[in-house]
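For reference, the structure is listed below as structure tokens.
Chain identifiers are assigned alphabetically (A, B, ...) following the order of the sequence lines, protein sequences preceding nucleic acid strands; residue numbering begins at 1 within each chain. Just so we're clear, the structure is a prediction, and the values are computed from it rather than from any experiment.
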There are 2 protein chains.
Amino acid sequence: MTATIEHVAKLAGVSKATVSRVINGVSTVSEENRNKVKKAMKELNFVPNLTARNLRNQRTGNIAVVVPEVGNAFFSRLVQSMAIEAEKQGYQLLICQSRYKHEQEVNYLNFLKTKQVDGIILAAVRNEWEVIETYLASGPIVLCNETVQNATVPVISPNQEYGGYIAAKHLLEQGHTKIAYCMGGDDSKTGLLRKKGFLKAIQEFDLIFDEKYYFNSETPQTGSGFEDGRVLFYQIRNMTEPPTAIFTGSDEVAVGIITEAKKFGWNVPNDLAVIGFDNQPLASIIEPSLTTVDQPIDLIAQKAIKVLIEKINEGTTLKYENYEFPLELIIRESTIKTRIPTVFS
Amino acid sequence: MTATIEHVAKLAGVSKATVSRVINGVSTVSEENRNKVKKAMKELNFVPNLTARNLRNQRTGNIAVVVPEVGNAFFSRLVQSMAIEAEKQGYQLLICQSRYKHEQEVNYLNFLKTKQVDGIILAAVRNEWEVIETYLASGPIVLCNETVQNATVPVISPNQEYGGYIAAKHLLEQGHTKIAYCMGGDDSKTGLLRKKGFLKAIQEFDLIFDEKYYFNSETPQTGSGFEDGRVLFYQIRNMTEPPTAIFTGSDEVAVGIITEAKKFGWNVPNDLAVIGFDNQPLASIIEPSLTTVDQPIDLIAQKAIKVLIEKINEGTTLKYENYEFPLELIIRESTIKTRIPTVFS
DNA sequence: CTGTTAGCGCTTTCAG
DNA sequence: CTGAAAGCGCTAACAG
């Protein structure tokens with residue numbers, strides 16, 4: 001059917017070994033034979049069978065990245081960047097969606113054992129480290145945008161705690177004291193770290209966080225995130241003492257809150273200040289434009305790929321290393337109170 | 001290092017063949033041996049090497065889908081759905097991003113020749129059919145959301161022409177006569193088909209399309225699409241006789257136009273009616289809410305996977321087959337004129 | 001029911 | 001510089 005190295009060898013009148021040599025450009029082959037082989041390859045439309053080569057070489061040139069789902073704006077940008085960088089380095093990126101399921105995650109980790117990939121980037125983790133650890137024997141793993149208790153591998157991630165900190169600090173500086181915190185429904189470390197930073201800022205202002213202002217949108221996979229924001233607004237609206245500001249885990253949720261608030265005649269930011277996370281294009285489009293925390297997604301993606309490939313090449317046992325990226329607060333209209341014209345003015 | 005079938009065989013005191021049989025659950029193995037093998041596998045933490053199995057079986061269990069980029073909202077939903085369906089059918093989906101480059105596309109098509117995948121879905125095509133055709137010898141290809149001249153493979157796609165038709169018809173029924181058409185910058189069939197439907201509706205209303213109302217956002221990869229919409233609005237604004245309605249190829253572009261228009265004090269839909277394409281969550285969020293054409297993305301994705309796998313299993317030569325999905329116009333505020341209060345009312 | 005054997009297509013010593 | 005041969009890990013006849 002498809003031509004193999006053997007057909008080429010026969011047609012060129014040389015051995016398989018010689019053909020292999022010209023394919024890989026290693027060691028030396030006489031000019032004459034090289035030409036004969038090249039001619040034969042062209043004639044037979046030969047392309048090496050990578051499966052066979054991989055088996056022989058014990059490597060695949062593939063790396064996998066596990067994300068919850070690519071429908072999510074953050075992750076879609078992350079994997080897009082990773083794919084580009086991987087390709088630059090001569091690797092093919094397999095994009096795997098765990099859909100927030102332990103089981104799926106393990107499934108993909110198994111790619112290491114089954115030798116389908118040379119290494120894995122976990123960009124969302126549901127399993128305990130003790131589970132993940134067992135896969136390290138089969139190849140390197142790095143964490144990206146996520147930390148796991150006890151992890152003994154490189155972690156490439158924005159400084160989530162700092163993100164929570166600058167967001168809260170900004171709101172506090174605007175004079176807010178009743179500030180709500182909302183994190184995604186996933187039980188990841190990410191949200192906890194942001195909350196830690198958030199609380200730190202609150203403490204610095206000698207305030208105490210009231211747990212009634214802690215929200216957890218339970219359904220990360222409902223789809224758009226907008227919907228979560230809407231629902232969240234209803235909850236806030238029904239409170240006897242609603243917060244005057246809210247920090248959310250994503251721009252979509254923030255936008256959902258804002259649009260719903262507007263429908264009910266609330267003024268953002270005067271009645272409710274809102275901060276998002278991610279600085280998506282959408283954030284500057286909506287009205288009022290959204291104050292948000294910008295993540296250097298591309299840099300993180302590139303670094304994750306680079307570190308993983310480095311580890312693949314080194315082949316040494318991994319240890320914890322932290323590559324931390326700074327976050328930046330982008331201040332827009334959704335948190336800066338406008339002067340309200342009053343009857344006295 | 002990692003355990004192989006041979007280690008298991010040795011430990012269990014049976015032959016490699018027997019181990020293989022229990023792994024694959026085919027043919028019969030005595031209860032006793034089966035247990036011994038299972039025990040040995042567990043003890044050695046054995047997982048079969050898929051590369052070896054693939055080489056032997058001449059199949060990989062992988063299929064690839066080529067999209068321009070997953071950062072795009074439409075494609076990210078498409079691949080997400082495909083991945084889920086593929087997995088259900090026991091296949092792993094490789095998501096490949098061509099970034100609108102001929103060369104990348106060919107690169108991925110080569111996966112067929114190198115036996116890295118069993119079949120390919122092209123969800124964006126830049127190359128001529130004559131180029132693509134040459135890969136058919138190595139495995140089945142189907143087109144999704146895209147048609148190519150002379151294609152001799154199954155095409156799974158929404159009825160783009162109909163989409164253009166219903167959009168235009170709706171605007172015409174609203175009394176518009178100066179209607180602009182804007183398609184994405186990619187030179188794909190998709191935009192042309194929509195335009196065809198668009199023109200058909202215009203003819204039915206005994207109007208003639210003025211080419212000055214034809215826009216082509218040149219830069220599909222600029223990122224958000226919002227930006228394209230903004231730029232487009234400036235062009236419209238500078239026209240001596242601007243259109244009163246516009247049909248765009250994506251919700252993002254539509255939203256870009258709307259937000260920019262609002263900034264300049266235009267009223268949407270009264271000064272400019274806007275229709276998007278895709279019915280993204282965003283469409284119902286913005287103000288005014290966006291009239292748009294809804295695509296049954298999940299159905300299309302599932303069907304594409306099913307058809308491809310069918311073809312992989314059949315192994316017969318492909319022929320042109322058309323699986324067409326209906327589109328639906330979702331009418332919202334961006335095209336329904338509001339009564340403008342006048343001084344006379 | 002089970003083991004032996006022969007490859008899948010490729011790379012890589014090891015002699016020549 | 002080149003070829004023969006072994007083998008990556010697995011499966012599938014084919015005998016027994």
Rounded to the nearest 0.5 Å, how far apart are CG of B/N49 and CD1 of B/I5? 10.5 Å
Starting at the 5' end of nucleotides 10-16 of chain D, put B wherever the base has a protein heavy atom under 4.0 Å, S where only the sugar-phosphate does, and a dash everywhere else. BBBB---
Overall bend - the helix from C/dC1-D/dG16 to C/dG16-D/dC1, comparing terminal axes fitted on five pairs, nearest 10 degrees: 40°
For B/L55 and C/dG7, what is the distance between atoms CG and P respectively, to the nearest whole Å? 14 Å
Ring of B/Y135, cation from B/K113 - is the NZ or CZ under 6.0 Å from the centre and inside 45° of the axis? yes
Counting just side-chain N and O atoms, does A/Q58 come under 4.0 Å of either OP1 or OP2 of C/dT11? no
d(B/I305 CD1, B/M82 CE) to nearest 0.5 Å is 5.5 Å
If only side-chain N and O atoms of B/S15 are considered, is one of them under 4.0 Å from the OP1 or OP2 phosphate oxygen of C/dT2? no
Check this one for me: any side-chain N or O of B/T18 less than 4.0 Å away from OP1 or OP2 of C/dT2? no
Could you check whether atom CD of B/E310 has more than 12 heavy atoms from other residues, nucleotides or ligands sitting under 6.0 Å from it? yes
Nucleotide of C/dT2, C/dC8, D/dC1 approaching A/S30 most closely (side-chain heavy atoms): D/dC1
With a sphere of 6.0 Å drawn around CD of B/E103, does it hold more than 12 non-hydrogen atoms of other residues, nucleotides or ligands? no
Can you see whether B/Y91 has B/R59 sitting over its ring - NZ or CZ less than 6.0 Å from the centre and within 45° of the normal? yes
Could you check how far NZ of B/K10 sits from P of C/dT2, rounded to whole Å? 19 Å
Answer yes or no: does a side-chain N or O of B/N33 lie under 4.0 Å from OP1 or OP2 of C/dC1? no
Enclosure of B/E324 CD (heavy-atom neighbours >12, cutoff 6.0 Å): yes
Is it the case that atom CD in A/E6 sees more than 12 heavy atoms from other parts of the structure closer than 6.0 Å? no
For A/L44 and C/dG9, what is the distance between atoms CG and C1' respectively, to the nearest whole Å? 15 Å
Electrostatic pair A/R99-B/E87, nearest N-O below 4.0 angstrom: yes
